[in-house]
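Okay, structure first, notes after.
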2 protein chains.
Amino acid sequence: MARTPASRGTRAATLSDVARLAGVSVATASKALNGRNHVHAQTRERVLEAAAQLSFSPNSLARGLLAGRTGTVGLLTSDLVGRFSLPILMGAEDAFGAGQVSVFLCDARGDAIRERHHVQALLSRRVDGLIVVGSSTDPRPPLADAVDVPVVYAYAPSEAPEDLSIVPDNVNAGRMAVEHLIACGRTRIAHISGDRQYSAARDRAAGAQAALEAAGLALVGEVAYGAWEEGWGRAAAGMLLDREPGVDAVLCGSDQVARGVLDTLRERGRRVPEDVAVMGFDNWDVLATGARPQLTSVDMNLEELGRAAARALFEAIDAEHGRGVHTVQCRVVVRGSTASAG
Amino acid sequence: MARTPASRGTRAATLSDVARLAGVSVATASKALNGRNHVHAQTRERVLEAAAQLSFSPNSLARGLLAGRTGTVGLLTSDLVGRFSLPILMGAEDAFGAGQVSVFLCDARGDAIRERHHVQALLSRRVDGLIVVGSSTDPRPPLADAVDVPVVYAYAPSEAPEDLSIVPDNVNAGRMAVEHLIACGRTRIAHISGDRQYSAARDRAAGAQAALEAAGLALVGEVAYGAWEEGWGRAAAGMLLDREPGVDAVLCGSDQVARGVLDTLRERGRRVPEDVAVMGFDNWDVLATGARPQLTSVDMNLEELGRAAARALFEAIDAEHGRGVHTVQCRVVVRGSTASAG
DNA sequence: AAAGAGTCCGAAAACCTTTTCGGTCATTGC
DNA sequence: GCAATGACCGAAAAGGTTTTCGGACTCTTT
């Protein structure tokens with residue numbers, strides 16, 4: 001006999017089946033399985049045994065329908081392929097997965113139409129909350145639809161100030177980077193960054209310059225904005241060495257840029273870190289640990305950001321909705337490219 | 001008044017609300033909204049209007065409870081952080097998202113206990129099917145629990161031959177790579193690969209050697225197994241040049257290894273591709289396009305693999321369950337590192 | 001004008017679980 | 001022995017949707 005969908009295995013056991021096998025009513029079975037009041041120990045034992053025998057698993061749909069809560073949340077990303085969504089997603093999944101919450105994953109591909117479609121689908125599935133993950137740290141418009149569940153924006157803050165957003169602290173990241181270079185004894189520090197259109201680039205530069213001023217120093221040359229690519233790093237490093245041969249540290253806007261800078265320094269015969277220290281941002285493992293020497297980088301703690309977003313959503317579901325933009329701190333991961341100058 | 005969870009917004013509108021506003025019964029409202037038989041056009045219009053006014057969105061829980069189908073699937077990955085799960089996940093999400101299916105994402109972190117926990121949770125949510133994504137192409141044990149919904153294994157095949165698995169064709173990938181190098185006029189081809197423990201490394205090497213034999217050639221030296229790291233590529237390339245100075249092409253086990261090989265070739269004064277052609281596997285964009293010259297690489301079409309897994313799951317849900325291991329073809333992405341030797 | 005056909009709508013059951021409330025039984029104290 | 005109490009169990013409703021079936025109404029045909 002062909003295995004049609006209807007006949008695939010025996011239909012999952014229901015509470016009625018368990019109750020019948022245990023010789024009790026469904027009400028008693030429910031109470032026994034949920035550890036509720038006033039069930040005789042012996043009866044409970046019978047019910048548990050029956051449930052195990054039928055490998056009973058309560059239907060979450062029915063439960064959710066009744067309770068008005070589903071124990072699910074939606075994770076709406078606009079750019080799954082990107083480097084930054086993933087760790088955030090990991091952290092969120094981590095924080096939720098520890099409890100009883102399951103995560104719906106949706107990728108809007110940066111398309112507003114698709115985003116609305118996904119939001120509608122999630123609402124129809126009665127998610128308890130929503131996390132919206134952006135693909136850059138630039139603010140994004142809030143969700144188009146009116147949603148009656150809590151929403152937390154992660155990485156990219158919402159443009160609406162009354163929304164709750166959790167973002168990395170790029171300004172402080174720039175500050176910490178420069179402070180590390182200064183602690184390594186560097187004083188002639190240049191900054192080769194990525195695309196100026198990105199607030200991440202501007203914020204990091206602002207933080208870096210603030211730290212320099214605080215130390216009574218100034219940047220060597222201007223901030224060199226360009227692209228988030230190795231090729232830009234190579235080219236910009238060449239120009240920098242031509243114009244400012246005395247530079248003793250290069251802070252790079254990303255690890256990709258830093259890889260390019262390292263290449264050019266090597267070719268020009270500058271030793272790293274003895275002659276010039278190099279730092280990146282993002283702590284992208286494959287780039288940072290494959291470099292020669294291994295690359296010191298600022299980690300944005302994205303996984304922690306994801307966990308923070310999940311926690312914030314929990315709180316918003318259970319009680320009051322938080323507001324405004326919160327930041328997650330970053331940290332410097334020290335590797336060979338910034339060993340202290342003897 | 002404090003906004004308690006109960007008072008957050010007005011409770012979502014139900015079909016009864018719509019029916020009442022339209023002045024019809026819930027049955028009629030349901031039929032009108034679902035385009036069913038025998039509803040007067042004018043009545044339907046009234047219902048649609050009422051639904052729009054209340055921004056009614058049908059409760060998927062109730063629908064799923066009744067239909068026995070939820071329109072959800074579980075995506076169980078063992079290694080979300082890894083490079084390979086993500087595109088597969090993208091492709092699957094893509095194929096599902098086009099329809100009416102939502103995806104539950106779970107990361108088991110490579111832990112069997114956690115995996116069982118997630119499977120139980122997914123079954124309790126009555127998913128219609130399951131995709132299990134491995135973190136390497138080595139076979140993995142099948143799911144521990146008996147599941148009464150279709151399961152498709154992606155990337156890592158199941159050890160059980162009666163399960164349905166969809167994997168990249170690594171043997172053919174190796175073959176295609178060597179054929180490309182031969183087409184570029186190379187005859188003295190060496191192979192520097194990654195960790196021998198991985199079947200991906202062994203399969204690619206086997207395919208490469210088969211293609212060489214078919215062309216009446218032989219590998220220069222032995223296959224150099226090592227680690228999936230740039231450092232190994234640099235070291236192995238050094239040894240290779242010492243032992244086999246006449247080599248005119250290096251096939252690398254991954255793009256990371258290839259980056260290391262490129263570095264050493266440059267330092268030894270070998271021009272790429274004029275003197276030595278270099279190829280990688282994986283087509284990891286950030287590594288391949290950042291290299292000098294840009295790196296020719298074999299793309300495993302992982303996103304297509306994810307789509308194929310989703311399609312296979314669709315079929316298994318609707319009808320008969322397929323069996324055995326299916327492969328997805330890969331393709332060579334040509335860049336500067338293998339330009340034809342004049 | 002009556003019968004038949006066709007069109008449209010509504011009542012009710014089904015899906016599965018949880019919770020409330022009432023009922024049964026035994027036990028205990030007087 | 002009787003009433004009160006407590007322990008345990010079961011009936012029923014609720015949650016929102018879809019579907020089936022029967023009923024009511026209208027229009028056409030003879």
Side-chain angles (χ1 to χ4, degrees), chain A residues 5-6 10-48 50-51 54-72 100 121 123-128 148, chain B residues 6 10-48 50-51 54-72 100 123-128 148:
Chain A
T10 57
R11 195 185 71 272
T14 79
L15 191 57
S16 309
D17 300 331
V18 175
R20 196 172 324 121
L21 181 58
V24 298
S25 73
V26 290
T28 304
S30 172
K31 281 181 279 196
L33 290 173
N34 294 325
R36 274 307 198 273
N37 306 338
H38 305 305
V39 174
H40 199 273
Q42 189 181 336
T43 310
R44 162 164 297 142
E45 194 54 40
R46 274 216 316 285
V47 172
L48 289 178
L54 299 174
S55 62
F56 168 74
S57 149
N59 187 326
S60 290
L61 299 176
R63 183 181 277 174
L65 184 58
L66 194 57
R69 275 213 198 172
T70 56
T72 61
Q100 307 290 357
L123 291 179
S124 140
R125 296 198 188 281
R126 297 297 186 266
V127 292
D128 294 333
D148 53 356
Chain B
T10 57
R11 193 184 73 271
T14 78
L15 190 58
S16 309
D17 300 332
V18 175
R20 194 172 326 119
L21 181 57
V24 299
S25 73
V26 290
T28 304
S30 171
K31 281 180 281 197
L33 290 173
N34 294 325
R36 274 308 197 269
N37 306 338
H38 306 305
V39 174
H40 198 274
Q42 189 179 336
T43 310
R44 161 164 296 141
E45 195 53 41
R46 274 214 319 283
V47 173
L48 289 178
L54 298 174
S55 61
F56 168 73
S57 146
N59 188 327
S60 290
L61 299 177
R63 184 180 277 173
L65 184 58
L66 192 57
R69 275 216 198 169
T70 56
T72 61
Q100 307 289 356
L123 291 180
S124 143
R125 294 198 188 282
R126 296 299 186 265
V127 292
D128 294 333
D148 53 356

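Per chain, numbering begins at 1; letters A, B, ... match sequence-line order.
Smallest separation of non-hydrogen atoms from R46(B) and V24(B): NH2-CG1, 3.6 Å. For A51(A) against V18(A), the heavy-atom pair with the smallest separation is N-CG1, 3.8 Å. Nearest heavy-atom pair, F56(B) versus L33(B), reported as atom, atom and distance to 0.1 Å: CE2-CD1, 3.6 Å. Scanning all heavy atoms of the two residues, the minimum distance from R44(A) to R36(A) falls at NH2-O, 3.1 Å.
Counting only distance, with no hydrogens or angles, the side chain of R125(B) and the backbone of T70(B) share no donor-acceptor pair below 3.5 Å.
Atom P of nucleotide dT5(D) and atom NE2 of H38(A) are separated by 16 Å, given to the nearest angstrom. The distance from atom NE2 of H40(B) to atom C1' of dC9(C) is 12 Å, rounded to the nearest whole Å. The interatomic distance linking R20(B) (CZ) with dG10(C) (P) rounds to 14 Å, in whole Å.
Distance check: T28(B) OG1 to H40(B) NE2 gives 13.0 Å after rounding to the nearest 0.5 Å. Separating the CG atom in L61(A) from the CG atom in L66(B) is a distance of 11.0 Å, to the nearest 0.5 Å.
An OP1 or OP2 oxygen of dC8(C) is reached within less than 4.0 angstrom by no side-chain nitrogen or oxygen of T43(B).
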Sugar-phosphate means primed atoms, P, OP1 and OP2; the rest is base. With that split, encode nucleotides 15-27 of chain D 5' to 3' as B, S or - using protein heavy atoms under 4.0 Å. BBBBBB-------

Could you run through nucleotides 22-28 of chain C and give me one letter per nucleotide, 5' to 3': B if any protein heavy atom sits under 4.0 Å from the base, S if only the sugar-phosphate is that close, - if neither? -------

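Residues R126(B) and S57(A) are in side-chain contact: their nearest non-hydrogen atoms beyond the backbone lie under 4.5 Å apart.
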